[in-house]
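If you read the sequence from its start, that first residue is 1, and numbering goes on from there.
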Amino acid sequence: MSATTTTRAEYCVIACADAWRDNGEVLASPMGLIPSIGARLAKHTFSPDLLLTDGEAMIVGLDGSAEGWLPYRQHLTMVTGGRRHVMMGASQLDRFGNQNISCIGDWQRPARQLLGVRGAPVNTLNNPVSYWVPKHSKRVFVEKVDMISGVGYDSAAAAGPSATRYHRIPRVVSDLGVFDFETADRAMRLASVHPGVTVEEIQEATGFPLALPGEVPRTREPTAIELRLIRTVLDPEGRRNGEVPTP
């Protein structure tokens, strides 16, 4: 592989970064390595008004230095007013964007206990939430989640206006492609495939039929500046390639 060849992990970083494009002054809350690199890349380039946090109590700059105080009460105000964009993980994700991080199997007697519901319902009902899935498979992309932790479009619609006011799932990024819900019934759509991946491969690894936008485009190429930032500033150790190895 040449020094200029874009890796699969770098396409994933670019796709995650684009989730925060044109968001303006909102709090970016990425969960996981590649989403975190993506959020910082977005602020470095096309979304300079993004707010980054240390995950505890401070607003931080691009170098990680503290720029402001973010007490818990102020964080909650941002959350409940739609002024935050979270990128979470998912143990299961269904065709309407319902997410499960709680348990696998019947809730009464689950086969596997996971993290628990945690803040997923509040996140999804009160501010935009995207998702990052590092290993795309039918075990994650399922027809119906075993338990709803993060609220999908069908569940929000069923709950009424109080649930839909700030609810939005801008995108899902996996190691195979990018997905959105820009369909009439808000079913998951394949928005782009990462280079080296086919539509057929993605559909085979998904547990429900994906909506297709006619000819599916490839995930965009990073610019030279973006690649330099990823490789020399944001992740010079190459940790991204441990999370998503190049095939």
For a 4.5 angstrom cut-off between non-hydrogen side-chain atoms, does Val199 reach Leu190? yes
Within the structure provided, determine whether Trp20 and Ser130 are in side-chain contact (heavy-atom separation under 4.5 Å). no
With no hydrogens and no angle check, do the side chains of His85 and Asn23 hold a donor and an acceptor under 3.5 Å apart? yes
Does one side chain, of Asn241 or Arg8, offer a donor that lies under 3.5 Å from an acceptor on the other? no
Closest heavy-atom pair, Glu221 versus Pro195, reported as atoms and distance to 0.1 Å, is OE2-CG, 4.2 Å
Please round to the nearest 0.5 Å and tell me the distance separating atom OG of Ser149 and atom CG of Leu114. 8.5 Å
Does Asp235 form a salt bridge (charged side-chain N to carboxylate O under 4.0 Å, His left out) with Arg240? I'd like the steps, not just the answer. CA-CA 7 Å; Asp235 186 30; Arg240 61 193 178 279; 2.8 Å; yes
Check the pair Asn98 / Ser155 against side chain to side chain donor-acceptor pair (under 3.5 Å), numbers first and verdict last. CA-CA 8 Å; Asn98 295 290; Ser155 300; 2.8 Å; yes
Within the structure provided, determine whether Ile148 and Asn100 are in side-chain contact (heavy-atom separation under 4.5 Å). no
Kindly check if the number of other-residue, nucleotide or ligand heavy atoms within 6.0 Å of CD1 (Ile225) is above 12? no
Do Thr223 and Leu227 come within less than 4.5 Å of each other through their side chains, counting heavy atoms only? no
Check the pair Tyr166, Asn127 against side-chain contact (heavy atoms from CB on, under 4.5 Å), reporting the backbone distance first and the verdict last. CA-CA 5 Å; Tyr166 294 121; Asn127 47 241; 5.6 Å; no
Taking every heavy atom of Ala163 against every heavy atom of Leu125, the minimum-distance pair comes out as O-CD2, 3.5 Å
Enter the distance from Tyr11:OH to Thr6:OG1 here, rounded to the nearest 0.5 Å. 4.0 Å
Smallest separation among heavy atoms of Lys43 and Asp49, with atom names: NZ-C, 4.5 Å
At what distance, to the nearest 0.5 angstrom, does CZ of Arg220 lie from OG of Ser192? 10.5 Å
Side-chain ion pair, Lys144 and Asp94, N-O less than 4.0 Å: no
Using 0.5 Å steps for rounding, measure from the CD atom of Glu182 to the CZ atom of Arg171. 10.5 Å
Does Val117 share a hydrophobic cluster with Met31, counting links as ILVMFWY side-chain heavy atoms below 4.5 Å and allowing steps through other members? no
Under 3.5 Å, is there a donor-acceptor pair between the side chain of Glu226 and the main chain of Glu10? no
Show, in sequence, the C-alpha distance, side-chain angles and deciding distance for Trp132 and Ser174, and conclude whether the side-chain contact (heavy atoms from CB on, under 4.5 Å) test is met. CA-CA 6 Å; Trp132 160 241; Ser174 83; 5.5 Å; no
Hey, are the side chains of Ile14 and Leu41 touching, using non-hydrogen atoms and a 4.5 Å cut-off? yes
Quick check: is Val129 connected to Ile34 through a chain of hydrophobic side chains (ILVMFWY, heavy atoms under 4.5 Å apart)? no
Say whether, by atom type as modelled, one donor and one acceptor occur between the side chain of Arg218 and the main chain of His194 under 3.5 angstrom. no
Is it true that atom CD of Glu204 has more than 12 heavy atoms of other residues, nucleotides or ligands lying nearer than 6.0 Å? no
Can you establish whether the number of heavy atoms outside Arg21 located under 6.0 Å from its atom CZ is more than 12? yes
Say whether Met188 and Met88 are linked into one hydrophobic cluster, either directly or through other cluster members, by side-chain heavy-atom distances under 4.5 angstrom. yes
Around atom CZ of Arg165, are there more than 12 heavy atoms from other residues, nucleotides or ligands closer than 6.0 Å? no
Test of understanding: clusters of I, L, V, M, F, W, Y form through side-chain heavy atoms closer than 4.5 Å, transitively. Do Leu210 and Phe141 belong to the same one? yes
Considering all heavy atoms of both residues, which atom of Ala156 and which atom of Thr164 are nearest to each other, and what is their separation? O-CG2, 3.4 Å
Does the pair Asp180 and Val172 meet the rule for a side-chain contact (heavy atoms from CB on, under 4.5 Å), with working shown? CA-CA 6 Å; Asp180 61 26; Val172 176; over 6 Å; no
Shortest non-hydrogen contact between Val233 and Arg40, atoms and distance: O-NH2, 4.2 Å
Give, for atom CG of Asp146 and atom SG of Cys103, the distance between the pair rounded to the nearest 0.5 Å. 6.5 Å
Ile37 with Leu50, same ILVMFWY side-chain cluster at under 4.5 Å: yes
Student check: side-chain heavy atoms of Val140 and Ser137 closer than 4.5 Å: yes
A side-chain contact here means heavy atoms from C-beta on lying under 4.5 Å apart; do Glu201 and Leu176 qualify? no
What verdict does the side-chain contact (heavy atoms from CB on, under 4.5 Å) test give for His44 and Leu234, after you've listed the backbone C-alpha separation in whole Å, the side-chain angles of each residue and the deciding distance to 0.1 Å? CA-CA 10 Å; His44 263 286; Leu234 302 175; 3.7 Å; yes
I need the single residue from His136, Arg95, Glu143, Lys138 that forms a side chain to side chain donor-acceptor pair (under 3.5 Å) with Thr206. Which is it? His136
Is it the case that atom CD in Glu25 sees more than 12 heavy atoms from other parts of the structure closer than 6.0 Å? no
Is there a side-chain contact between Val142 and Leu93, using heavy atoms and a 4.5 Å cut-off? no
Write down the atom of Tyr131, the atom of Ala90, and the distance for their closest heavy-atom approach. CD2-CB, 4.3 Å
Taking atom OG of Ser102 and atom CZ of Arg118, what is their separation to the nearest 0.5 Å? 11.0 Å
Between Tyr153 and Phe96, does the ring centre distance come in under 6.0 Å? no
Does Asn126 reach the main-chain N or O of Val122 with its side chain, forming a donor-acceptor pair under 3.5 Å? yes
